[in-house]
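See below for the structure under consideration.
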Amino acid sequence: MTEDVIRRRALRIEQNPGIPLYVFALEAGEIDRVADVARISRDEAGKLFGYQRPEKKQHVKQILEYLDSEDVLFPNGLILALPASVRFRGSRGPNSTDGLSTIGTLEIHLPESPGAPRPAFIVDGQQRSLALARTRRSKLPVMVAGFVAEDIEVQRDQFLRVNTVSPLPGNLVTELLPEVHTKLPTKLSAKKLPSVLVNALNQDADSPFKGLIKQASTITDKRSSAVVKDNSLISAIEESLKPSGALFPYKNLSNGTVETATIRSILITYWSAVRDTFPDAWGVSPTKSRLMHGVGIRSMGRLMDRVMDRVLAVAEPGSPEAHEQAKAELALIAPHCHWTKGRWPELNTPWDELQNTPRHISTLSNLLIRIYFQSRTSAS
């Protein structure tokens, strides 16, 4: 079978000697032959694949309508991760380079059979690429910037960086962060540890949250039993990592290290005790239990900072003693909680009217903390 190769005039940008970068053009109809979309998903073992969000059908439709209209100008380019098999042949002559770029010909080898994997992946411009693949203007030239990187970590890193102006869905960012090991911008770096911890809580066999956390890779999985939004748990952990939180002592600010294993044990100890204290409210839809709702996760997260101070004073995190002590502490508030029915009399609010808003989170967490300390005082 004759080898299928696309050859295009291209500029090699002299930016990073270890990662070749090219600027060139493809026909709209060629995009679908050259590049694939790396959808975010997980295999049965929990390993993360890909990084792209689901298709936004309305967005694609709007782009397609424009592409099929008259007098089209489409300067919006695509960013592709190219395979190592691409070949660049620089042009001969004294004017082939100006020190910033070199002109030449780029060769992209296409798969020989229709069902074979495409050679490149789309890092930025997924919705545009879907519209380009469907437009009647199949010969429309499209600008492409392509960097050679078969390493999925490099692709994910660039995907997160180029999608900062139009923010990515929070759950997509947080699920990808644990898989990126390059130096990140400050804002993303601060979210990496909570994201790593939430990912572990959703995957580890000894976690009470195993399989219960909604992540970007599980949103479209109808078989998923996930009920807790990852952003609620991430926000709760972020608060506990602050100076007033129970997890803060396990961050060494002088050398930047973190006792991640200890923090994980604290989280599993506390939330396992929450599960065992409120078994009827655990693991069900937020519409049936406000404990699984954002307002419940955030409020119980704030209570953790008080409860675990007491628990860790008498037991090692992760130990059976710590688990029993945490349950004993939570038993002090259990009679006052109304996660699945009734009303919160102190708040004059039905159980299902509590919402994931700053006001309700603050009101409920303050109530739980006040009841906890009053009950401890009465018991002593």
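Heavy atoms only: backbone and side chains are in, while hydrogens, waters and symmetry mates are out.
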Atom [atom1] in [X], atom [atom2] in [Y]: separation rounded to 0.5 Å?
{"X": "L332", "Y": "T277", "atom1": "CG", "atom2": "OG1", "answer": "10.0 Å"}
{"X": "S195", "Y": "D230", "atom1": "OG", "atom2": "CG", "answer": "8.0 Å"}
{"X": "L303", "Y": "L367", "atom1": "CG", "atom2": "CG", "answer": "10.5 Å"}
{"X": "K61", "Y": "R134", "atom1": "NZ", "atom2": "CZ", "answer": "12.5 Å"}
{"X": "N199", "Y": "L233", "atom1": "CG", "atom2": "CG", "answer": "11.5 Å"}
{"X": "I108", "Y": "R87", "atom1": "CD1", "atom2": "CZ", "answer": "12.5 Å"}

Checking the side chain of [X] only, and the main-chain atoms of [Y] only, is there a donor and an acceptor separated by less than 3.5 Å?
{"X": "S365", "Y": "I361", "value": "yes"}
{"X": "S207", "Y": "L201", "value": "yes"}
{"X": "S91", "Y": "S96", "value": "no"}
{"X": "N202", "Y": "G211", "value": "yes"}
{"X": "R136", "Y": "D68", "value": "yes"}
{"X": "D98", "Y": "S101", "value": "yes"}
{"X": "R12", "Y": "T102", "value": "no"}
{"X": "S362", "Y": "P358", "value": "no"}
{"X": "S129", "Y": "Q126", "value": "yes"}

Problem - Derivation of the side-chain contact (heavy atoms from CB on, under 4.5 Å) call for V144 and Y22 - result: CA-CA 8 Å; V144 177; Y22 305 103; over 6 Å; no
Exercise for the section: Can you establish whether the number of heavy atoms outside K210 located under 6.0 Å from its atom NZ is more than 12? Expected result: yes
Practice task
Check whether more than 12 heavy atoms from other residues, nucleotides or ligands sit under 6.0 Å from atom CD of E316, and answer yes or no.
Solution key: no
Shortest non-hydrogen contact between [X] and [Y], atoms and distance:
{"X": "F24", "Y": "A10", "answer": "CB-CB, 3.8 Å"}
{"X": "L67", "Y": "V72", "answer": "O-CG2, 3.4 Å"}
{"X": "I63", "Y": "A131", "answer": "CG2-CB, 3.5 Å"}
{"X": "V227", "Y": "P286", "answer": "O-CG, 3.4 Å"}
{"X": "P83", "Y": "V148", "answer": "O-CG1, 3.7 Å"}

Please check if [X] and [Y] belong to a single hydrophobic cluster, counting links between Ile, Leu, Val, Met, Phe, Trp and Tyr side chain heavy atoms closer than 4.5 Å.
{"X": "I79", "Y": "I19", "result": "yes"}
{"X": "F147", "Y": "I13", "result": "yes"}
{"X": "W282", "Y": "W339", "result": "yes"}
{"X": "F373", "Y": "M304", "result": "yes"}
{"X": "M300", "Y": "V284", "result": "no"}

Are [X] and [Y] within salt-bridge range, i.e. N to O under 4.0 Å?
{"X": "E30", "Y": "K139", "result": "no"}
{"X": "K288", "Y": "D352", "result": "no"}
{"X": "K327", "Y": "E324", "result": "yes"}

Any side-chain donor near an acceptor of the partner, [X] and [Y], under 3.5 Å:
{"X": "N356", "Y": "R298", "result": "no"}
{"X": "E329", "Y": "Q325", "result": "yes"}
{"X": "S138", "Y": "E27", "result": "no"}

Can you check whether [X] reaches [Y] side chain to side chain, under 4.5 Å on heavy atoms?
{"X": "I263", "Y": "L241", "result": "yes"}
{"X": "H293", "Y": "Q355", "result": "yes"}
{"X": "D32", "Y": "L130", "result": "no"}

Practice task
Please step through salt bridge (Lys or Arg N to Asp or Glu O under 4.0 Å) for the pair R264 and D206, ending with a clear verdict.
Solution key: CA-CA 11 Å; R264 174 190 170 280; D206 60 344; 2.6 Å; yes
Practice task
Only counting residues at least two apart or in another chain, list the ones meeting salt bridge (Lys or Arg N to Asp or Glu O under 4.0 Å) with R370.
Solution key: none
Exercise for the section: Could you list the residues that satisfy salt bridge (Lys or Arg N to Asp or Glu O under 4.0 Å) with E107, not counting sequence neighbours? Expected result: R7, R89
Practice task
Determine, stepwise, if the pair R33 / D4 fulfils salt bridge (Lys or Arg N to Asp or Glu O under 4.0 Å).
Solution key: CA-CA 11 Å; R33 299 174 62 203; D4 198 355; 2.4 Å; yes
Problem - Test log, rule side-chain contact (heavy atoms from CB on, under 4.5 Å), inputs F74 and L132 - result: CA-CA 10 Å; F74 197 72; L132 287 165; 4.1 Å; yes
Problem - By ring-ring contact (aromatic ring centres under 6.0 Å, His included) - contacts of W271 (at least two apart) - result: F209
Handout entry: side-chain contact (heavy atoms from CB on, under 4.5 Å) between S272 and H323, worked out
Key = CA-CA 7 Å; S272 294; H323 178 69; 3.8 Å; yes
Handout entry: Intermediate values then yes/no, side-chain contact (heavy atoms from CB on, under 4.5 Å), F88 and T105
Key = CA-CA 6 Å; F88 179 79; T105 301; over 6 Å; no
Practice task
Establish, yes or no, whether a centroid distance under 6.0 Å links the rings of W351 and H338.
Solution key: no
